[in-house]
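Comments concern the structure below.
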Number of protein chains: 4
Amino acid sequence: MARQRTRDTVHRAVLSLAGEGRVGAITMEGIAARAGVSKQTLYRSWASTGAILFDALLARSLDDDGSVVLPDSGDLAHDLEELATGMVAELSDPTHGPLLRAVTAEMQSDDALAEEFRRLLLGPQMKAVSDRLRRGGVAEADDVAELFVGPVLHRWLLRSRPFDTGWVSAHVARTMRAAGVV
Amino acid sequence: MARQRTRDTVHRAVLSLAGEGRVGAITMEGIAARAGVSKQTLYRSWASTGAILFDALLARSLDDDGSVVLPDSGDLAHDLEELATGMVAELSDPTHGPLLRAVTAEMQSDDALAEEFRRLLLGPQMKAVSDRLRRGGVAEADDVAELFVGPVLHRWLLRSRPFDTGWVSAHVARTMRAAGVV
Amino acid sequence: MARQRTRDTVHRAVLSLAGEGRVGAITMEGIAARAGVSKQTLYRSWASTGAILFDALLARSLDDDGSVVLPDSGDLAHDLEELATGMVAELSDPTHGPLLRAVTAEMQSDDALAEEFRRLLLGPQMKAVSDRLRRGGVAEADDVAELFVGPVLHRWLLRSRPFDTGWVSAHVARTMRAAGVV
Amino acid sequence: MARQRTRDTVHRAVLSLAGEGRVGAITMEGIAARAGVSKQTLYRSWASTGAILFDALLARSLDDDGSVVLPDSGDLAHDLEELATGMVAELSDPTHGPLLRAVTAEMQSDDALAEEFRRLLLGPQMKAVSDRLRRGGVAEADDVAELFVGPVLHRWLLRSRPFDTGWVSAHVARTMRAAGVV
DNA sequence: TTATAAGCGAGACGGTACGTCAGGTCTTCCG
DNA sequence: CGGAAGACCTGACGTACCGTCTCGCTTATAA
């Protein structure tokens, strides 16, 4: 509904706000002020700050690559390691990380946002992973994908431990064993 | 600072609010009104709704059993299955589940709360799990505990899929394989 | 900043509150509730209850006559008597009186309000009185104006005695003697 | 009811608070804290901050001279000038002035306080003035006392003008003319 | 060329909640 | 056992945002 120009302005505003600290303190008024846009313009296109954050996140993901593309070298272990390293990097990114954190938080009490998140971001990514696993000969590919991604998010969302080096390789090895392909 | 009587009243209020819908909409004023307590009394003892929710959650956990007690029948697979089933039940509980969801959400932007959560709830529970694994002969017990718990939380926090029956057994089997004890 | 419609609503609310008892108990919240207006709307235009009361008082004064108009019959004694009678009537008015009392009280600890009061209400009125005196041939017109008005306010603010009949004429006579025009 | 020791402590606390700025911001809690006394102790003896301020004011007046004593040299004009100068000095005093200002403000909406003020402070003083006038041969002594004191309070309470030098003498002269004794 | 509208910024508005302060009352506990 | 310490309920404070709404000022088309 909003013109692309407006969307871009808003995205830029949101990213700049997200990059300068407390993502939880992002408000409609703040975004409007930063973007030099009226509140009406925001409400015309988005239902909540969560929706804007998610939209910005999505736009950012699509800027990098039109769709989800995973490494496929033929060597499953190698690809999984590359994949996990990429995830860790993304979650540790000073802009992307907090943004994703905020969206995940809002999802907990916003069903519509959760649905969008699953449909447009999480679903395709999980599917890409399980496809790669399936191509590698893994039987219960969906479940193993979850086994692979779950611990990463556990560590990140529950903020239990930083991602120490060395952990990724060990995790890949464990995943391979669980998948029964080693 | 707050008297035990007051704490109990507040916990009861919070649980009743949590049980009746939108946990994200819980406010200091709402809790005060429901508990028949003044806002000052809340602020004297807790810094945020998140802190109150967490305190209630903790009190509830400690009501059931003074400390973390896990099944220990000697049969690791059997115990893990029981453990996972218990977790799923807890996360699906109409009061406990939403409460935990809200706390997890607030943790994303409240470092102090996150620290408390780790120290008093998550830490001891993860330690209990890894202790049980270690007793069962698992080498990388901490990491395997994460591998075991991670996918459960992934499914629940990202709201990707319900906990279908049969999944638990398969998940335990995969965990055992990853741990190298089968 | 506030629209005239809003100002009017607020003035009406304040006058109704002032008319029904304890002027000292007038609060921002009370005014907002009575006027059916949000607190923000009040704070956007006025700094304190005192400022609102004063604004209402001023609007009320200007409703009656655009500016300060005093009797000018040519007979100074007669005009002063009319003037004093008018003042007494105003101070005894069940709405105007308490309002003025409250504003005077707040002035004692609010410099900005005191300044406004002097500039827009007291100043013009005192000037009108001294102008009339000067036209009547009084030399130290400003000081005599003070001599004329002072005892009225003394009696009213210190709440020493009611305005008994007969006092006004005697007071006018004394003022004329002091002014040296009799 | 309160022991003299306590009363003194509280008076000292009130005076020190009054001397350091915003008299309007004096609170029961503040006085209790400053005096090292519990709130209960205050409420046991005084009904409001106004009552405490007034009590302190009264104690201070009585410290100087047990009762109201006015100059009586035989020369009325001279005595009035001395009296007026004393009043101006008192109203300009950095502690006494603000205290009196605060009490006068609270009187506007506290009938009990107003009654006490009239009975114990204003009444005796006005009576002393009119007695002196009567001794000087003034007929309407009560009214002339009001004529004498009124303009001083007008200037001070309505904060219209500072007490410029020279004004006092002129004011005394006008009062004498009004009283018909010149 | 002039109206006539559509689109948008600005921000007033009624609300809800925030976090704080003080008012009074009541309880606890120490000297 | 009297008084300080302070927890407690209450009510108001002044502020931040919410989501809706009206107002005027462009800017672009239709008379």
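Numbers restart at 1 for each chain; the letters A, B, ... are given by sequence-line order, proteins then strands. FYI, side chains are in, hydrogens and waters are out, and symmetry mates aren't considered; it's all heavy atoms of this structure.
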Interatomic distance where CZ belongs to C:Arg3 and C1' belongs to E:dG11 [whole Å]: 9 Å

Under 4.0 Å: is that the gap between some side-chain N or O of A:Arg44 and OP1 or OP2 of E:dC8? yes

Assess whether one donor atom and one acceptor atom, taken from the side chain of A:Lys39 and the base of F:dG19, lie less than 3.5 Å apart. yes

Side-chain donor-acceptor pair under 3.5 Å between A:Thr6 and A:Thr9, yes or no? no

Side chains of A:Thr104 and A:Gln108: closer than 4.5 Å at any heavy-atom pair? yes

Decide whether a cation-pi geometry holds between B:Arg7 and B:Trp46; the criteria are a distance under 6.0 Å from NZ or CZ to the six-membered ring centre and an angle within 45° of the ring axis. no

Flag, side chain of B:Glu106 to backbone of B:Gly50, donor-acceptor distance under 3.5 Å: yes

Note: for B:Ala47 and C:Gly36 on DNA chain E, the residue whose nearest nucleotide lies more 5' is C:Gly36

Nearest-Å distance for atom pair CD/P, residues B:Gln40 and F:dC13: 16 Å

Whole-Å distance separating the OH atom of A:Tyr43 from the P atom of E:dG9: 15 Å

Among residues 8-16 of chain A, which contact DNA chain F at a heavy-atom distance under 4.0 Å? none

Step-by-step salt bridge (charged side-chain N to carboxylate O under 4.0 Å, His left out) determination, D:Glu29 to D:Arg34: CA-CA 9 Å; D:Glu29 301 217 320; D:Arg34 176 65 60 97; over 6 Å; no

Return the value, rounded to whole Å, for the distance between atom CD of C:Gln4 and atom C1' of E:dA12. 14 Å

For F:dG3, take OP1 and OP2 only and decide whether either is under 4.0 Å from a side-chain N or O of D:Ser38. no

Value in whole Å for how far the P atom of E:dA22 lies from CG of D:Leu17: 12 Å

Check every atom of F:dC9, E:dG23, F:dG19 against the side chain of B:Thr41 and return the nucleotide holding the closest atom. F:dC9

Within the 4.5 Å heavy-atom criterion, are A:Ser61 and A:His96 side-chain neighbours or not? yes

Whole-Å gap separating P (E:dC13) and CZ (C:Arg5): 10 Å

Atom-pair distance (CG on C:Leu42; P on F:dT15), nearest Å: 12 Å

Answer yes or no: does a side-chain N or O of B:Thr6 lie under 4.0 Å from OP1 or OP2 of F:dA7? no

Any side-chain heavy atom of D:Met107 within less than 4.5 Å of one from C:Leu157? no

Considering the options D:Arg5, D:Gln4, D:Arg12, D:His11, which one meets the side-chain hydrogen bond (donor to acceptor under 3.5 Å, both in side chains) requirement together with D:Asp8? D:Gln4

Is the shortest side-chain heavy-atom distance between C:Val23 and D:Ser109 below 4.5 Å? no

Does anything in residues 27-35 of chain C come within less than 4.0 Å of DNA chain F? Heavy atoms only, and list the residues if so. C:Thr27, C:Met28, C:Glu29

Whole Å only: how far is the CZ atom of B:Arg7 from the P atom of F:dA7? 15 Å

On DNA chain F, does the nearest nucleotide to C:Ile26 precede the nearest nucleotide to B:Val37 from the 5' side, or the other way round? Give the residue. B:Val37

Kindly indicate whether the side chain of C:Phe54, heavy atoms from C-beta on, has any atom under 4.5 Å from the side chain of C:Leu99. no

